[in-house]
Enquirer: 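Got a structure here, written out as structure tokens. Questions coming.
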Amino acid sequence: MTDDAPPLVRYAHADGVATLTLDSDRNRNALSRRLVAELLAGLRAAVADPAVRVVVLDHVGRVFCAGADLAETAAAREAGQVPASDLPELLAEIWDAPKPVVAQVGGPARAGGLGLVAACDVAVAADDATFAFTEVRLGVIPAVISAPVLRRLPSRAAAELYLTGTTFDARRAADLGLLTAAVPAGELTGAVRGYVDGLLRGAPGALAGAKLLLRRGEPPIRAELDELAALSAGYFLSTEGREGVAAFREKRDPYWVPGVRG
């Protein structure tokens with residue numbers, strides 16, 4: 001990748017709002033190492049800028065975020081590495097940011113993309129967006145993203161969605177607490193703007209304090225993310241993990257699906 005390559009995350013700031021836009025439509029905004037690094041840098045810049053009061057996470061293209069970059073995942077495994085190793089730090093920075101972070105979800109989110117949604121303080125999606133925790137179908141588990149996700153989902157729903165990998169819609173995601181709201185696609189921008197305007201009316205120090213109050217009694221998310229990252233690594237480097245990613249890329253069923261082998 002050359003230094004003059006276009007960014008995968010675009011940063012814009014106006015009227016107290018920093019907007020971080022995932023701009024890797026060709027790759028369905030997958031969580032490549034570069035995209036995660038750029039998103040983390042943009043978030044840190046927004047938090048450090050006293051003129052920024054609210055951060056909005058937006059995207060271009062039909063897909064909000066497809067989860068892990070599977071081509072990069074396969075290459076990382078061959079090198080004995082874990083893909084998107086900065087993802088735990090990114091989720092921690094979103095969760096612990098002293099400024100409100102709002103997700104504008106105009107399309108599908110899968111796996112790690114749902115971690116981004118769950119980590120944001122407010123998440124609004126178009127009602128035709130879909131969601132799925134697809135990890136078990138790839139031979140891995142939703143380990144790292146569980147730090148924010150399981151703070152949002154009821155345990156019975158989490159069991160169903162984690163174990164089956166079933167696709168669910170935005171209305172259900174909102175009912176379960178994974179989203180703040182699901183609105184008609186044509187109303188998404190206006191709905192997000194409404195939340196942003198409400199947040200801008202809050203005093204910056206009070207908003208930061210309210211976020212701390214909401215986290216009161218919870219274990220620190222960074223310590224949990226460190227533990228989950230280690231757990232995730234074992235699955236990403238496992239035989240099942242290798243087979244799951246290979247099967248997905250080759251558009252076939254993995255060997256553990258009944259009737260595929262043996």
Side-chain angles (χ1 to χ4, degrees), residues 22 24-36 61-88 90-91 107-118 129-150 152-170 172-173 176 178 224-262:
L22 306 183
S24 184
D25 185 29
R26 174 191 61 80
N27 202 25
R28 300 189 304 156
N29 293 320
L31 296 170
S32 64
R33 287 184 178 179
R34 184 172 157 229
L35 184 142
V36 170
R62 190 183 65 82
V63 177
F64 173 74
C65 179
D69 181 325
L70 295 184
E72 192 175 86
T73 294
R77 282 184 177 131
E78 291 306 312
Q81 300 171 346
V82 177
S85 55
D86 283 343
L87 181 59
L90 173 61
L91 296 178
R110 298 289 186 268
L114 277 163
L116 297 181
V117 172
T130 60
F131 306 88
F133 298 98
T134 53
E135 287 88 346
V136 294
R137 299 187 179 192
L138 299 177
V140 296
I141 61 174
V144 169
I145 67 170
S146 285
V149 166
L150 295 184
R152 304 293 191 195
L153 284 180
S155 61
R156 183 66 74 181
E160 174 203 347
L161 299 174
Y162 271 30
L163 296 176
T164 66
T166 301
T167 300
F168 56 104
D169 63 22
R172 188 172 187 213
L176 293 175
L178 190 61
E224 185 177 353
L225 282 162
D226 287 343
E227 180 182 345
L228 291 172
L231 178 64
S232 178
Y235 283 88
F236 269 106
L237 299 174
S238 70
T239 299
E240 288 186 348
R242 292 175 186 273
E243 165 66 4
V245 171
F248 183 87
R249 296 185 69 198
E250 294 165 12
K251 296 181 171 56
R252 61 174 174 81
D253 286 333
Y255 67 70
W256 58 75
V257 175
V260 172
R261 190 176 78 181

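The shown structure was predicted, so the numbers you read here are calculated from the model rather than taken from an experiment.
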Enquirer: Which pairs, with at least one residue in residues 138-147 and sequence neighbours excluded, count as a side chain to side chain donor-acceptor pair (under 3.5 Å)?
Expert: S146-Y162
Enquirer: Let me see the working for V245 and V140 under side chain to side chain contact (heavy atoms under 4.5 Å, CB included), right down to the final yes or no.
Expert: CA-CA 9 Å; V245 171; V140 296; 5.9 Å; no
Enquirer: Among all residues two or more places apart in sequence or in another chain, which pass the salt bridge (charged side-chain N to carboxylate O under 4.0 Å, His left out) test with R252?
Expert: E243, E250
Enquirer: Is there a side-chain contact between W256 and R137 (heavy atoms, below 4.5 Å)?
Expert: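 Answer no - side chains too far apart.
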Enquirer: Could you tell me which residues satisfy salt bridge (charged side-chain N to carboxylate O under 4.0 Å, His left out) with E160, sequence neighbours excluded, listed by chain and number?
Expert: R172
Enquirer: T167: which residues meet the side-chain hydrogen bond (donor to acceptor under 3.5 Å, both in side chains) condition with it, sequence neighbours left out?
Expert: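 For T167 there are no side-chain hydrogen bond (donor to acceptor under 3.5 Å, both in side chains) partners, ignoring immediate neighbours.
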Enquirer: What's the shortest heavy-atom distance between L225 and V144, and which atoms?
Expert: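 Heavy atoms of L225 and V144 come nearest at CD2-O, 3.4 Å.
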Enquirer: Who are the ring pair (Phe, Tyr, Trp, His ring centres under 6.0 Å) partners of F248, not counting sequence neighbours?
Expert: none
Enquirer: Please give me the minimum heavy-atom distance between N29 and V63, naming the atom from each residue.
Expert: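 Residues N29 and V63, closest heavy atoms: ND2-O, 2.8 Å.
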Enquirer: What heavy-atom pair brings A157 and L176 nearest, and what distance separates the two atoms?
Expert: CB-CD2, 3.6 Å
Enquirer: Indicate yes or no: at least one non-hydrogen side-chain atom of V136 is less than 4.5 angstrom from one of L163.
Expert: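 No. Closest side-chain heavy atoms not under 4.5 Å.
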Enquirer: Under the side-chain hydrogen bond (donor to acceptor under 3.5 Å, both in side chains) rule, collect the residues that match up with T134, sequence neighbours excluded.
Expert: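 For T134 there are no side-chain hydrogen bond (donor to acceptor under 3.5 Å, both in side chains) partners, ignoring immediate neighbours.
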Enquirer: Any side-chain heavy atom of T130 sitting closer than 4.5 Å to one from R110?
Expert: yes
Enquirer: Mind checking whether I145 and L150 have side chains closer than 4.5 Å, heavy atoms only?
Expert: no
Enquirer: Got L231 and I141 here, is their nearest side-chain heavy-atom distance under 4.5 Å?
Expert: yes
Enquirer: Could you report the tightest heavy-atom contact between L31 and G113, atom names first, then the distance?
Expert: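 Here L31 and G113 meet closest at CD1-N, 4.1 Å.
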